[in-house]
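For reference, the structure is listed below as structure tokens.
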Amino acid sequence: MKFDTLKALALSTCLVASCSGIPKSSAAGSATNFAKDQISTSEPLTILSVCGGLSIIAGMILLVITSGKKGWFPSIGGCILVLLNYLVARYDDFLFYPLVICTSLISAAWTFKTIRTILKEKRSHDHRRTD
């Protein structure tokens, strides 16, 4: 195993472990209940962190198995998903409002084009009928 692979494995393990932690408790039941509460009340974007974490783990396993030849893409992709989750959660107002405005403008333009096409076809159909 190369030293770089071990450093990458340690870094990704720390990254995944730092995403969320369960506080230590003397009773195992309270920790389990806390975890269930956290999962049920979590943000809808946690799927990005989960997929990112799993991708990082899979990439690290591939890096270890192939001696650092394969597994970089899943590792980098997992880091990007975790970073994307943070950016969307942090800057959601700056992302969603322009997205909603652009989507509504595209929808309005498409509706206008469709109505114009329908009216043109109706006019050409009416002109053929009168001839």
Side-chain angles (χ1 to χ4, degrees):
M1 236 191 268
K2 292 183 178 180
F3 185 67
D4 292 333
T5 306
L6 288 175
K7 286 193 322 189
L9 181 61
L11 178 66
S12 65
T13 304
C14 290
L15 182 66
V16 172
S18 67
C19 289
S20 67
I22 298 175
K24 294 182 180 180
S25 174
S26 60
S30 64
T32 306
N33 291 337
F34 177 78
K36 286 180 185 177
D37 292 340
Q38 289 294 89
I39 290 172
S40 64
T41 61
S42 64
E43 296 288 326
L45 296 174
T46 54
I47 191 69
L48 290 174
S49 289
V50 170
C51 289
L54 291 175
S55 182
I56 290 171
I57 291 171
M60 291 300 115
I61 291 171
L62 280 173
L63 283 170
V64 169
I65 291 173
T66 63
S67 299
K69 294 178 184 171
K70 294 184 180 183
W72 287 108
F73 287 126
S75 301
I76 293 169
C79 291
I80 289 172
L81 286 175
V82 171
L83 181 66
L84 180 67
N85 182 30
Y86 170 75
L87 290 175
V88 169
R90 176 93 169 122
Y91 302 109
D92 60 347
D93 293 340
F94 299 115
L95 295 173
F96 290 135
Y97 292 142
L99 183 68
V100 168
I101 291 170
C102 289
T103 305
S104 62
L105 289 175
I106 291 169
S107 177
W110 187 263
T111 303
F112 176 74
K113 180 184 177 241
T114 304
I115 289 173
R116 198 170 95 193
T117 304
I118 290 171
L119 290 176
K120 276 185 180 180
E121 289 176 1
K122 186 176 179 182
R123 285 182 191 152
S124 67
H125 184 66
D126 286 344
H127 287 295
R128 278 190 247 154
R129 207 188 273 176
T130 58
D131 290 340

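On a predicted model such as this, the values are computed, not experimentally measured, just so you know.
Here L119 contributes atom CG and T114 contributes atom OG1; the two are 11.0 Å apart, rounded to the nearest 0.5 Å. Atom OG of S75 and atom CD1 of I80 lie 11.0 Å apart (nearest 0.5 Å). Interatomic distance, I106 CD1 to T111 OG1, rounded to the nearest 0.5 Å: 11.5 Å.
One hydrophobic cluster, built from ILVMFWY side chains closer than 4.5 Å, cannot hold both I115 and W110; they sit in different ones. Connection of F73 to L62 is not established within any shared hydrophobic cluster, with ILVMFWY side chains joined at heavy-atom distances below 4.5 Å, either directly or through further cluster members.
For the pair I57/I61, a side-chain contact is recorded, criterion being any heavy-atom separation below 4.5 Å from C-beta on.
Between the S55 side chain and the P74 main chain, a donor and an acceptor come within less than 3.5 Å of each other. S107 places no side-chain N or O within 3.5 Å of a backbone atom of T103 that could act as its donor or acceptor partner.
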